[in-house]
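Notes for the one structure printed next.
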Amino acid sequence: MQVVVPFAAETPKTRLGTVLAPAERRSVARAMLADVLDALVEADPELEPLILSTAPIELDECDEFTDRAPRPAVAVDDRPLTEAVNAHLAATAEPLAIVMADLALATPEAITDVVETPGDVVIAPGRGGGTNALVVRHPAFRVDYHGASYRDHRARAREVGATIETVDSFRLGTDIDEPADLAEVLLHGRGRTATALREWGFELETSDGRVGVDRSAAGSASDSCEN
């Protein structure tokens, strides 16, 4: 099964700008992408990841990818997410999975749970009504990632007569967008993203009774991998 992994290569993760410099946001976006790809490959070597990037990316120059074999395929498409993904759905008659690139907590077990769940449309929703992972086995189904896409995708599946299954997954439901989300990475992350945050001096902060993150005067990310 091909797995499309959409990736915003230019100015990623702007909502993390209060705690991460631009070079660090680019680096953490690549680390999260690498964590997702690691989970996909470990879940099933037969899965075929395709990075759907908004701009060219040079994997050979990225620390997260230099030791990876085989290299994931990359397709560049600067159209909005919905249009780009629907173009892939229209071009194939085979089942297709779409997994977001910012799921730093993704594990092989969580990926397996989604891709092996039977149904014409299988959805792993994100917090706030989004769609973080999706398996499409119905030829008429098309995505719409605007707004509460989990609700909208269920409605679209019903419109085309597709069966729907929902996979309730903490690890796939946790996308990393806001500074508060970094606490989830430090608590539950197993991969490159958690390692990078710790190297940059991030640690859990619990002094006010709630779990957050704090940062010491540790090193910051270099931006040796240019898009």
Side-chain angles (χ1 to χ4, degrees), residues 1-9 12 29-126 131-143 145 149 153 157 162-163 165 167 169 171-173 175 190-193 225 227:
M1 178 188 293
Q2 187 175 75
V3 184
V4 173
V5 184
F7 181 64
R30 293 192 299 267
M32 289 192 290
L33 172 63
D35 282 339
V36 170
L37 295 171
D38 286 343
L40 290 170
V41 171
E42 292 175 32
D44 185 349
E46 297 301 315
L47 293 176
E48 300 174 5
L50 171 68
I51 302 172
L52 185 61
S53 179
T54 57
I57 53 177
E58 296 295 337
L59 299 186
D60 287 342
E61 299 177 10
C62 302
D63 291 341
E64 296 86 357
F65 302 100
T66 52
D67 60 351
R68 183 183 301 281
R71 295 294 172 84
V74 178
V76 176
D77 193 328
D78 62 1
R79 289 178 291 181
L81 176 61
T82 294
E83 292 181 40
V85 171
N86 280 336
H88 280 268
L89 285 170
T92 181
E94 300 297 324
L96 185 72
I98 305 99
V99 178
M100 296 296 111
D102 60 353
L103 307 184
L105 306 187
T107 61
E109 296 81 7
I111 295 293
T112 298
D113 196 18
V114 172
V115 299
E116 292 190 354
T117 295
D120 294 334
V121 177
V122 180
I123 307 173
T131 301
N132 285 1
L134 185 67
V135 175
V136 179
R137 300 185 178 95
H138 194 288
F141 180 84
R142 297 293 181 266
V143 300
Y145 283 104
S149 62
H153 286 151
T163 61
E165 295 292 340
V167 174
S169 172
R171 289 192 168 273
L172 297 183
D175 43 333
R190 304 177 183 175
R192 303 166 194 253
T193 310
C225 176
N227 293 329

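As a basis for the values below, the full set of heavy atoms in this structure was taken, side chains included, without hydrogen atoms, waters or symmetry mates. Heads up: numbering here begins at 1 and tracks the sequence.
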Candidate pair V5 and L40, rule side-chain contact (heavy atoms from CB on, under 4.5 Å), full reasoning: CA-CA 10 Å; V5 184; L40 290 170; 3.9 Å; yes
Supply the atom-to-atom distance [X] [atom1] to [Y] [atom2], rounded to the nearest 0.5 angstrom.
X: R192; Y: L37; atom1: CZ; atom2: CG; answer: 9.0 Å
X: D77; Y: I51; atom1: CG; atom2: CD1; answer: 14.0 Å
X: L105; Y: T107; atom1: CG; atom2: OG1; answer: 9.0 Å
X: D102; Y: N132; atom1: CG; atom2: CG; answer: 6.5 Å
X: M1; Y: R137; atom1: CE; atom2: CZ; answer: 5.0 Å
X: R30; Y: D35; atom1: CZ; atom2: CG; answer: 13.0 Å

For a 4.5 angstrom cut-off between non-hydrogen side-chain atoms, does [X] reach [Y]?
X: L59; Y: I57; value: yes
X: L172; Y: D113; value: no
X: L50; Y: H88; value: yes
X: D120; Y: F141; value: no
X: V36; Y: F7; value: no
X: D175; Y: M100; value: no
X: V121; Y: L134; value: yes

To check you understand the geometry: which heavy-atom pair defines the closest contact between [X] and [Y], and what is its length?
X: H153; Y: R142; answer: CD2-O, 4.5 Å
X: E165; Y: P118; answer: CG-O, 3.1 Å
X: A43; Y: P108; answer: CB-O, 3.5 Å
X: T82; Y: Y145; answer: OG1-N, 3.0 Å
X: T131; Y: S149; answer: OG1-OG, 2.9 Å
X: P6; Y: A101; answer: O-CB, 3.0 Å

Taking [Y]'s backbone N and O only, do any of them form a donor-acceptor pair with [X]'s side chain (distance below 3.5 Å, no angle check)?
X: S53; Y: V76; result: no
X: R71; Y: F65; result: yes
X: T163; Y: G119; result: no

Check against side-chain contact (heavy atoms from CB on, under 4.5 Å), V167 and V135: CA-CA 11 Å; V167 174; V135 175; over 6 Å; no
